[in-house]
Amino acid sequence: MRTQVVIIGAGPAGLMLSHLLHRQGVASLVLERRSVEYVLGRIRAGVLEQVTTDLLREIGVDAGMARDGLKHEGFCLALDGDMFRIDMHDLTGGKSVMVYGQTQVTKDLVEAFAARPGELIFGAENVTLHDIAGHAPSVTYEKDGRIHQVMCDYIAGCDGYHGVCRASLPAHAGRAFERAYPFGWLGILADVPPCHEELIYSNHERGFALASMRSPTRSRYYVQVPSDEDLAEWPDSRLWDELATRLGPEVAPCIQTGPSIEKSIAGLKSFVFEPMRYGKLFLAGDAAHIVPPTGAKGLNLAMSDVKLLSRALIARYAEGTETELEQYSARALARVWKAERFSWWFTSITHRFPTMDAFDRKMQMAELAYIRGSRAAQAVMAENYVGLPI
Ligand code: FAD
Ligand code: DHB
């Protein structure tokens with residue numbers, strides 16, 4: 001079999017890239033290792049920047065978001081329970097974000113493949129890349145006990161942090177930059193109304209907490225826990241108590257508790273691999289970079305990457321030149337590093353680090369007090385939160 005672009009991974013990056021290419025007549029095949037049930041069952045991010053909502057509208061996959069998405073024009077910060085609001089709308093000249101879960105985005109993008117039979121394959125095992133530095137790239141995979149080969153012009157590595165694409169690169173192909181954090185986020189999803197109409201990012205003496213939501217009847221909360229924490233140590237009742245403490249006395253009475261639908265711990269990491277191209281292989285999304293989740297940038301960065309990559313591939317087929325493809329990595333990385341900085345900084349002012357002493361704590365408190373009192377500082381925060389221009 002032959003196609004123009006083989007896309008590895010059916011996360012938000014791979015699915016969106018395929019739809020963007022399809023609309024401009026560029027053929028692609030998406031290969032996903034997991035089953036469709038597994039992919040649609042994953043609970044991840046919840047906040048969409050305008051770059052993401054615009055792309056969903058551009059490909060005509062916005063009905064679910066238009067119906068169920070919640071437009072947010074502000075969010076709250078809290079220090080030891082004392083809360084203040086960042087008015088994103090006012091501070092950015094009218095911008096906002098959309099609360100609409102990644103699970104739902106993925107479902108909408110997968111459903112749109114119903115009109116494109118055979119172009120999205122789940123359960124593709126042992127995906128292997130061939131001749132990525134040469135003139136005849138191809139991808140092989142196993143499905144139903146048979147080995148399939150797909151010849152192509154280009155390969156898009158949209159297979160996440162643990163995928164095969166970056167792992168297939170020779171050592172001289174680039175350089176990784178990395179920062180691990182000594183804590184993770186324990187997340188809980190529950191069918192109870194949110195405690196507040198906007199998100200609350202809370203820095204508490206006992207550690208960070210976040211109150212988020214998926215809908216007016218479904219809440220998503222997180223608490224910071226040590227990296228090696230055992231989920232079994234956190235029955236729902238302990239988690240609800242801890243959230244009430246960390247979110248503070250103003251919010252605690254509004255927290256409605258209920259059984260968890262999902263509960264898991266995710267580690268925090270900053271990671272960038274550059275350049276995001278090697279030969280015929282282009283990396284996009286988590287395959288090339290990871291941010292700590294504070295600020296909800298991961299999914300949105302994946303989308304801005306594929307916006308740039310799709311335009312470069314479309315230009316290549318329309319004009320016959322690789323000029324835009326050659327610029328892809330530098331253009332994507334310019335935005336990636338700024339989001340890395342914001343996510344790292346937002347994490348550093350809101351979390352409790354095991355090495356922190358009393359002075360470090362005072363610095364965090366002073367920084368949050370400064371943001372609270374300075375419109376300029378709030379504007380910097382709001383501008384980054386709604387997403388920087390591409
Ligand atoms: P992914 O969504 O990771 O998609 C990659 C796809 O490639 C997957 O479907 C995977 O199964 C597939 N794949 C992997 N290897 C292979 C292979 N060898 N062959 C074929 N397919 C393969 N971001 C936030 O902003 N807020 C959050 O709260 C948040 N929570 C997260 C929780 C977890 C547990 C994780 C892992 C991430 C979270 N993120 C969060 C980050 C955000 O979800 C990601 O940035 C986003 O999913 C990136 O999209 P992607 O398409 O690049 O990668
Ligand atoms: C969510 C996750 C985030 O990382 C964030 O900054 C805001 C919201 C969420 O899952 O709802």
Side-chain angles (χ1 to χ4, degrees), residues 6-18 30-36 38-49 52 70 72 75 97-103 105-106 109-110 120-129 139-143 155-168 184-189 194 198-201 208 210-215 218-222 262 264-269 271 283-306 309 336 339 342-343 346-347 350 385:
V6 173
I7 299 171
I8 319 286
L15 296 168
M16 176 59 83
L17 177 62
S18 180
V30 183
L31 297 176
E32 166 61 47
R33 180 178 54 166
R34 303 284 194 172
S35 67
V36 64
Y38 183 94
V39 168
L40 297 183
R42 282 190 299 222
I43 310 293
R44 288 183 171 180
V47 177
L48 309 184
E49 293 174 5
T52 305
L70 305 170
H72 280 214
F75 64 91
V97 296
M98 183 78 81
V99 171
Y100 187 63
Q102 179 173 338
T103 312
V105 171
T106 309
L109 291 170
V110 166
L120 167 58
I121 295 177
F122 288 98
E125 289 173 9
N126 291 324
V127 166
T128 310
L129 282 52
V139 176
T140 52
Y141 67 98
E142 283 177 42
K143 169 117 179 141
I155 301 167
C158 302
D159 52 348
Y161 181 67
H162 299 288
V164 65
C165 291
R166 200 181 66 252
S168 303
W185 279 18
L186 166 53
I188 181 171
L189 189 69
E198 293 180 335
L199 271 60
I200 307 169
Y201 291 86
F208 170 80
L210 168 59
S212 181
M213 66 192 75
R214 290 292 176 271
S215 76
R218 183 169 281 191
S219 301
R220 178 73 165 158
Y221 290 97
Y222 298 94
E262 193 261 3
S264 55
I265 298 178
L268 268 68
K269 189 188 270 278
F271 175 88
L283 300 175
D286 278 18
H289 42 74
I290 298 281
V291 286
T294 332
K297 293 286 160 227
L299 163 65
N300 296 297
L301 272 186
M303 290 296 189
S304 57
D305 283 356
V306 297
L309 182 54
V336 164
F342 178 66
S343 307
F346 200 4
T347 303
T350 48
Y385 194 88

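Just follow the structure's listing: the first ligand is 1, and inside any ligand the first atom is 1.
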- Query: Where on Ala287 is there a heavy atom closer than 4.0 Å to ligand 1, on the side chain, on the backbone, on both, or on neither?
  - Reply: neither
- Task: Give the numbers and elements of all ligand 1 atoms closer than 4.0 Å to a heavy atom of Arg34.
- Result: 11 (O)
- Query: Where does the angle between the aromatic ring planes of Tyr201 and Phe75 fall among parallel (under 30°), tilted (30 to 60°) and perpendicular (over 60°)?
  - Reply: perpendicular
- Among Gly9, Ser168, Cys158, which one has a heavy atom closest to atom 5 (C) of ligand 1? Cys158
- Query: Looking only at atom types and distance, does a side-chain atom of Asp159 sit under 3.5 Å from a main-chain N or O of Cys165, one as donor and one as acceptor?
  - Reply: yes
- Looking only at non-hydrogen atoms, the one of Gln102, Arg33, Lys297, Met303 nearest atom 47 (O) of ligand 1 is Gln102
- Item | Considering all heavy atoms, the nearest Ala10-Leu15 contact | O-CD1, 3.4 Å
- Note on the structure: Nearest heavy-atom contact between Pro194 and Met213 is CG-CB, 3.6 Å
- Item | Rounded distance [0.5 Å steps], CG in Leu109 versus CG in Leu40 | 10.5 Å
- Query: What are the atoms of ligand 1, with element, lying closer than 4.0 Å to any heavy atom of Gly298?
  - Reply: 25 (O), 45 (O)
- Would you say the side chain of Tyr38 lies within less than 4.5 Å of the side chain of Phe122, judging by non-hydrogen atoms? no
- Task: Note the single closest protein heavy atom to atom 14 (C) of ligand 1, along with its residue, its atom name and the distance in Å.
- Result: Asp159 O, 3.1 Å
- Specify the closest pair of heavy atoms between Ile43 and Thr103, including all atoms of both residues, with the distance to one decimal. CA-OG1, 3.7 Å
- Query: Of the protein's non-hydrogen atoms, which lies at the shortest distance from atom 23 (N) of ligand 1, and what is that distance?
  - Reply: Ala45 CB, 3.5 Å
- Query: Under the 3.5 angstrom rule, does the side chain of Ser212 hit a backbone N or O of Leu210 as a donor-acceptor pair?
  - Reply: no
- Task: Please identify which atoms of ligand 1 are closer than 4.0 Å to at least one heavy atom of Gly163.
- Result: 15 (N)
- Task: Could you tell me whether a side-chain N or O of Asn126 sits under 3.5 Å from a main-chain N or O of Glu142, the two making a donor and an acceptor?
- Result: no
- Within 4.0 Å of some non-hydrogen atom of Val127, the atoms of ligand 1 are 19 (N)
Would you tabulate the polar-atom pairs, meaning N/O of ligand 2 against N/O of the protein, with distances under 3.5 Å, reported to 0.1 Å?
{"residue": "ligand 2", "atom": "4 (O)", "partner": "Pro293", "partner atom": "O", "Å": "2.6"}
{"residue": "ligand 2", "atom": "6 (O)", "partner": "Tyr201", "partner atom": "OH", "Å": "2.7"}
{"residue": "ligand 2", "atom": "6 (O)", "partner": "Pro293", "partner atom": "O", "Å": "3.2"}
{"residue": "ligand 2", "atom": "6 (O)", "partner": "Gly295", "partner atom": "N", "Å": "3.2"}
{"residue": "ligand 2", "atom": "6 (O)", "partner": "Ala296", "partner atom": "N", "Å": "3.1"}
{"residue": "ligand 2", "atom": "10 (O)", "partner": "Arg214", "partner atom": "NH2", "Å": "2.8"}
{"residue": "ligand 2", "atom": "10 (O)", "partner": "Tyr222", "partner atom": "OH", "Å": "2.6"}
{"residue": "ligand 2", "atom": "11 (O)", "partner": "Ser212", "partner atom": "OG", "Å": "2.6"}
{"residue": "ligand 2", "atom": "11 (O)", "partner": "Arg214", "partner atom": "NH1", "Å": "2.7"}
{"residue": "ligand 2", "atom": "11 (O)", "partner": "Arg214", "partner atom": "NH2", "Å": "3.4"}

- Query: Of the choices Glu32, His289, Glu125, Arg44, which has the non-hydrogen atom that lies closest to atom 38 (C) of ligand 1?
  - Reply: Arg44
- Any idea which protein heavy atom is nearest atom 51 (O) of ligand 1, and the distance to it? Ala13 N, 2.9 Å
Could you list the donor-acceptor pairs under 3.5 angstrom formed by side chains in residues 288-300, with sequence neighbours left out?
{"residue": "His289", "atom": "NE2", "partner": "Asp305", "partner atom": "OD2", "Å": "2.6"}
{"residue": "Thr294", "atom": "OG1", "partner": "Thr347", "partner atom": "OG1", "Å": "2.8"}
{"residue": "Lys297", "atom": "NZ", "partner": "Glu49", "partner atom": "OE2", "Å": "2.6"}
{"residue": "Lys297", "atom": "NZ", "partner": "Asn384", "partner atom": "O", "Å": "2.8"}
{"residue": "Lys297", "atom": "NZ", "partner": "Tyr385", "partner atom": "O", "Å": "2.9"}
{"residue": "Asn300", "atom": "OD1", "partner": "Glu49", "partner atom": "N", "Å": "2.8"}
{"residue": "Asn300", "atom": "OD1", "partner": "Thr52", "partner atom": "OG1", "Å": "2.7"}
{"residue": "Asn300", "atom": "ND2", "partner": "Val47", "partner atom": "O", "Å": "3.0"}
{"residue": "Asn300", "atom": "ND2", "partner": "Ala296", "partner atom": "O", "Å": "2.8"}

- Any nitrogen or oxygen of Gly46, main chain or side chain, under 3.5 Å from a nitrogen or oxygen of ligand 1? no
- Task: Under 4.0 Å, heavy atoms only, figure out whether ligand 1 is touched by the backbone of Tyr222, its side chain, both or neither.
- Result: side chain
- Item | Between OG on residue Ser168 and CD1 on residue Ile155, distance to nearest 0.5 Å | 8.5 Å
- Message: So that I can tick it off, tell me whether Glu262 and Arg220 are bridged by a salt bridge, with the cut-off set at under 4.0 angstrom between side-chain N and carboxylate O.
- Response: yes
- Query: What closest approach, in Å, do Leu70 and Ser215 show between heavy atoms, and which atom pair accounts for it?
  - Reply: CD1-CA, 3.9 Å
- So, do Ser18 and Leu120 sit near enough that their side-chain heavy atoms are less than 4.5 Å apart? no
- Message: Check this for me - ligand 1, Val39, N or O atoms closer than 3.5 angstrom, yes or no?
- Response: no
- Message: Among all the protein's non-hydrogen atoms, which is closest to atom 49 (O) of ligand 1, and how far away is it?
- Response: Pro12 CD, 3.6 Å
- For Gly285, the atoms of ligand 1 under 4.0 Å from one of its heavy atoms are 52 (O)
- Query: What are the atoms of ligand 1, with element, lying closer than 4.0 Å to any heavy atom of Ala296?
  - Reply: 25 (O)
- Under 4.0 Å from a heavy atom of Ile8: give me the atoms of ligand 1 that qualify, with their elements. 19 (N), 20 (C)
- Item | Shortest non-hydrogen separation from Arg214 to Arg44 and the atoms involved | NH2-O, 2.9 Å
- Tell me, which protein residue and heavy-atom name are nearest atom 34 (C) of ligand 1, and how many Å apart are they? Ala266 CB, 4.0 Å
- Task: Under 4.0 Å, heavy atoms only, figure out whether ligand 1 is touched by the backbone of Asp286, its side chain, both or neither.
- Result: both
- Examine the proximity of ligand 1 to Leu31 and report which part, side chain or backbone, both or neither, has a heavy atom under 4.0 Å away. backbone
- Item | For Gly160, atoms of ligand 1 separated by under 4.0 Å from a heavy atom | 3 (O), 5 (C), 53 (O)
- Query: For Gly157 and Ala287, which heavy atoms make the closest approach, and how far apart are they?
  - Reply: O-CB, 3.4 Å
- Do Arg33 and Tyr141 have side chains that get closer than 4.5 Å, going by heavy atoms? no
- Message: If we count only non-hydrogen protein atoms and require a distance under 4.0 Å, does atom 43 (O) of ligand 1 qualify as touching the protein?
- Response: yes
- Query: When you measure from atom 4 (O) of ligand 1 to each heavy atom in Gly11, Pro292, Gly101, which option holds the nearest one?
  - Reply: Gly11
- Task: With the side chain counted from C-beta on, respond yes when Val139 and Val127 share a heavy-atom pair under 4.5 Å apart, and no when they do not.
- Result: yes
- Is it the side chain, the backbone, both or neither of Arg42 that has a heavy atom closer than 4.0 Å to ligand 1? side chain
